[in-house]
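Note that ligands are numbered from 1 as they come in the structure, with each ligand's atoms numbered from 1 the same way. Keep in mind the model is a prediction, meaning the values are calculated, not measured.
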Amino acid sequence: MIKALFVVSECAPLVKTGGLADVAGALPAALAKQGAAVRVLLPGYRTVMGQLGKTKTAARYKDLFGGPAKLLACTVAGLDLLVLDAPHLYDRDGSIYGDATGADWPDNAERFAALCMTAAKIASGGVNGWTPDIVHGHDWQAGLTPEYMRKLDAAAPFVFTIHNIAFHGIADAGKLDALSLDATRFTSENFEFWGKISALKAGLVGAAKINTVSQTYAEELLTPEFGIGMDGILRARQGDLSGIVNGIDLEVWNPATDPNITPYKTPGGKSANKKALRKTFGLGAADGPLCVLVSRLTEQKGIDLLLDALPALLDRGGQLALLGSGDPILEIALLEAADRHENLSVKIGYDEALSHQMMAGGDAIVVPSRFEPCGLTQLYGLRYGTLPLVALTGGLADTVINANPAALARGVATGIQFFPVTAQALANAFVRLADLFEDGKTWKAMQRNAMRQPVDWETAATTYAGLYRSVLEARP
Ligand code: ADP
């Protein structure tokens, strides 16, 4: 078995703000079947510490970026965890990345540098006799790991996965010392980015292989529009960059066994859930499709486009039930729109159980993202026979088969894609959706295609294990 150490800032079911947590929580079990045993290194946030049960202290650090810390080993939900218990960094109210007002914690650089330093210590000296063959970091929070591994002479190769390149982990150059970084490497070839420290860039530079979570996003990242300043370095490393589409955890997302819903195996079984969902959202009966949307509310997710395009759906007797939280301006705009339209219902908040009920009860799931590295909710939609209506970008381009005439004629369509990512194109897509929904036979056929589409982790895990092997074989 290959021993792999995940370095990651969130992991389901313990702590989650987005798709990264789903990946970190589900990929280890899939990798175990492909010959890689994963231990997940995770910050001991207050919410995490309360869920650990029995732990063993695997290491103690006298001073880790401003205070003492312990490394705790435990198993939760089948995951082999190493939790970094550093109260001065993680034991606080608010969210895992920021305070109650939504502002980033001012010491985020130190908070995640501590995670990376711990990974490097584990990689160089091992914990309780366990030393990883490979260190696999996820997003900027893990980006400084190869810098510290270099400092501590850790031999294992570093693999880096980009789940979202929009977040760079930028810190002022004045923090070089405080972050124990080597000032001679503060250059544009290494982790310097426009005069600042970029944890993301450190990860990209230090990785033996880089991947992102879909092939289309991997290609998009090479362009200035999507690469957001990192396209140059990614073009330089193009030979080491690949795209691996995420799967979903079918133990958690299975309409036949989901404890949050009235279970079903065929599209016909959705009707009880649709009725329940309308009740939950206070929506009446309607002839058009019941759309759902579950998302962080940010510009990335195209929520503003949705507001502009919505009349096209409502005019056709369609409905939208939306669950999300994020940008306060978008939250208010959505709530105000819901006051104006009886067929739009909005719940602001984060609710895992309700998100399952929405997948089960919706006819279609809308994902109008401006960019989307992989996207998970359209995959849940496929599995639950809730047809995805998505922007043609990133993983949304790779996982949905657009109902164009050729795909319909061949009987392989699973959803609708629109392009360009504008309100007008989304409005047109709502009209196509309503047309397809009226054609009950075609709609049912698409639902059956969708539910049959493989969305599990097997393919991705096989590819990740292959990536690990190739990196290990390439070592001098
Ligand atoms: P991102 O990681 O960019 O947020 P993804 O589609 O990859 O987007 O993953 C989002 C994950 O977070 C999905 O599992 C989705 O169901 C979940 N999610 C997002 N917002 C909410 C919410 N308000 N309530 C429940 N789950 C949510």
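Contact check on Asp240 versus Arg237 returns a salt bridge, with a Lys/Arg side-chain nitrogen under 4.0 Å from an Asp/Glu carboxylate oxygen.
For the pair Asp22 and ligand 1, the shortest N or O to N or O distance falls below 3.5 Å. On a distance-only criterion, Leu20 and ligand 1 share no N/O pair closer than 3.5 Å. On a distance-only criterion, Leu376 and ligand 1 share at least one N/O pair closer than 3.5 Å. Considering backbone and side-chain atoms alike, Thr17 places every N or O at 3.5 Å or more from each N or O of ligand 1. At least one N/O-N/O distance between Asp351 and ligand 1 falls below 3.5 Å.
At most 12 heavy atoms of other shown residues, nucleotides or ligands fall within 6.0 angstrom of atom CD in Glu458. Around the CG atom of Leu335, the shell of radius 6.0 Å holds more than 12 heavy atoms that belong to other residues, nucleotides or ligands. The environment of Gln300 atom CD is dense: over 12 non-hydrogen atoms of other residues, nucleotides or ligands sit within 6.0 angstrom.
Not less than 6.0 angstrom separates the ring centroid of His138 from the ring centroid of Phe160. Proximity of the aromatic rings of Trp140 and Phe167 is defined here by a centroid distance below 6.0 angstrom, and this criterion is not met.
Looking at Lys16 against ligand 1, only its side chain comes within 4.0 Å, counting heavy atoms. Residue-level proximity to ligand 1 for Cys374 is absent, since no heavy atom of it falls below 4.0 angstrom.
Close approach of ligand 1 to Tyr380 (heavy-atom distance below 4.0 Å) involves ligand atoms 13 (C), 14 (O), 16 (O). Atoms of ligand 1 lying under 4.0 Å from any heavy atom of Thr377, numbered from 1 in the order shown and given with element: 6 (O), 15 (C), 16 (O). The Lys301 neighbourhood of ligand 1 comprises atoms 1 (P), 3 (O), 4 (O), 8 (O), with distances under 4.0 Å to a heavy atom of that residue. Each of the following atoms of ligand 1 lies closer than 4.0 Å to a heavy atom of Gly324: 23 (N). Taking every heavy atom of Leu323 and a limit of under 4.0 angstrom, the matching atoms of ligand 1 come to 23 (N), 24 (N). Which parts of ligand 1 touch Gly349 is read off a 4.0 Å heavy-atom cut-off, strictly below it: atoms 22 (C), 23 (N).
By the 6.0 Å and 45° rule, Lys347 stacks over the aromatic ring of Phe281.
By heavy-atom distance, the residue among Arg296, Gln378, Glu352, His356 lying nearest atom 3 (O) of ligand 1 is Arg296.
Within the structure, the closest approach of Gly375 to ligand 1 falls below 4.0 Å when heavy atoms are considered.
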